[in-house]
2 protein chains.
Amino acid sequence: MAEAQGQRPPGPRSPQVGRPRRSRQALLDAAAEVFVSSGVDAPVREIAARAGVGVGTIYRHFPTRPELVVAVYRHQVEACAEAGPRLLAQCATPEEALRAWVELFVEFLVTKHGLADVLRGDSAGSDALHAFFVDRLVPVCGSLLDAAFAEAGTAPPIDAYNVLKGIGNLCIGAEADTRYEAVGLVQLLVTGVLTGRS
Amino acid sequence: MAEAQGQRPPGPRSPQVGRPRRSRQALLDAAAEVFVSSGVDAPVREIAARAGVGVGTIYRHFPTRPELVVAVYRHQVEACAEAGPRLLAQCATPEEALRAWVELFVEFLVTKHGLADVLRGDSAGSDALHAFFVDRLVPVCGSLLDAAFAEAGTAPPIDAYNVLKGIGNLCIGAEADTRYEAVGLVQLLVTGVLTGRS
DNA sequence: GTACATTACGGAACGCTGCTCCGTAATGCA
DNA sequence: TGCATTACGGAGCAGCGTTCCGTAATGTAC
């Protein structure tokens, strides 16, 4: 049901055979809606139902659940990555830039219900998600970190991968527990990382 | 089958009817063995098989999976809790005591495969586990924290609950990822917490 | 316009969870 | 010895991610 999303123009098309009738984008939109209303942990069946599609169709486009999650949040991660250099240029000090970027990252993780939970590369297929986050964001975090330590001439006490994953872990369960202050903890972690710098 | 475990003495007993034939302790031992070999995420069926018992028997003693986990590690948590005051008395400074205790806690979490993962009270039944850890350990962590800040006359920037849960989160996935240095991150978090004290 | 190869489609089915339920067997008391 | 009480095992349930396959739609060739 719901044959909405007139994504595909009816006019003449390139000479390719049998291409997706329901575009990949339509599935992503449905998934995004479900993630907002039911959290990132929502069953694949629910997403399929929302898209008016069988589960098979989803798995044809996104072989594994985490890959669907990656696809949904890909351009948001991209935006976060691009914000790194920009903040470095805008802010008065590298430290300020690092803190601003971390804040951005945390807000992103905490906003999407349960995204942090699925970020941890726990065995099996979620490696894809983990890999994507890491590949795209570790270099950005690394350059911010390097910049913050450059003036002092010292090296960071820990590498960007660990900082990033540590922040991700600190955000787990943030929206499910009102007593838990993920933002504050992340700030303290950053403080710890920056300590002994200048 | 496997009527082993002659736990129960055949002699005269207190006037109680039909008590557990396979003692609760036998189940805990089996669970502990399985947790070591297959991780804390091991299926209940596997534990039941190891104990030579049906799943029903396990659920009669431990209504929910997390409660079984709690029971298995209860006295280790107890030991960790008791170490708090002792370290405070032994160490030269409260800060040293805090760091030593945190180290103890982290080692405990990291050693048991996946314990940290199940520690986060993610919905449903694992509340029991979460609650036990929190109830027993938060006061200990709190007194260590207070002691570390007492001399400075300032208050900790965050409460013991958050510190504890933050440490727990940082330990998630520690043994599954060789690049991830949970211990280092926790130390940096503690540094961040202690910063601005004296 | 018709026949064919190619592709996408939906959803039943599989294996795996944690957990419940119930007929059966063992136990202790009278 | 008989009976109420309790523990027992494991089949069964619901939910998950994922796989598979018969069917339907599509584009191409004639």
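Hydrogens, waters and symmetry mates play no part in the numbers below; they use all other heavy atoms, side chains included.
We find that CZ of Arg45(A) is positioned 13 Å from P of dA13(C), with the value rounded to whole Å. Nucleotide dC19(C) holds its C1' atom 13 Å from the CG atom of Leu68(B), rounded to whole Å. Separating the CZ atom of Arg65(B) from the P atom of dC19(C) is a distance of 8 Å, rounded to the nearest angstrom. For Ile58(A) and dG11(C), the CD1 to P distance is 12 Å, given to the nearest whole Å. Note: CZ (Arg24(B)) to P (dC8(D)) measures 13 Å, nearest angstrom. The distance from atom CZ of Arg60(B) to atom C1' of dG23(C) is 13 Å, rounded to the nearest whole Å. Summarising the geometry, the separation between OH on Tyr59(A) and P on dC16(D) is reported as 11 Å, rounded to the nearest angstrom. Remark: P of dG17(D) and NE2 of His61(A) are 18 Å apart, rounded to the nearest angstrom.
Between Thr57(A) and dG10(C), a side-chain N or O to OP1/OP2 separation shorter than 4.0 Å is present.
Thr93(B) places a side-chain N or O within donor-acceptor distance of the main-chain N or O of Glu96(B), the cut-off being under 3.5 Å.
In this structure, Glu103(A) places its CD atom where only 12 or fewer heavy-atom neighbours from other residues, nucleotides or ligands lie under 6.0 Å away.
Going from atom CD of Glu107(A) over to atom SG of Cys80(A) covers 10.0 Å, rounded to the nearest 0.5 Å. To the nearest 0.5 Å, the span separating CD on Glu181(B) from NZ on Lys165(A) amounts to 11.5 Å.
Across dT18(D), dG10(C), dC19(C), the shortest atom-to-atom separation from the side chain of Thr64(A) is found for dT18(D).
Toward the 5' end of DNA chain D, the nearer of the two residues Pro43(A) and Val55(A), judged by each one's closest nucleotide, is Pro43(A).
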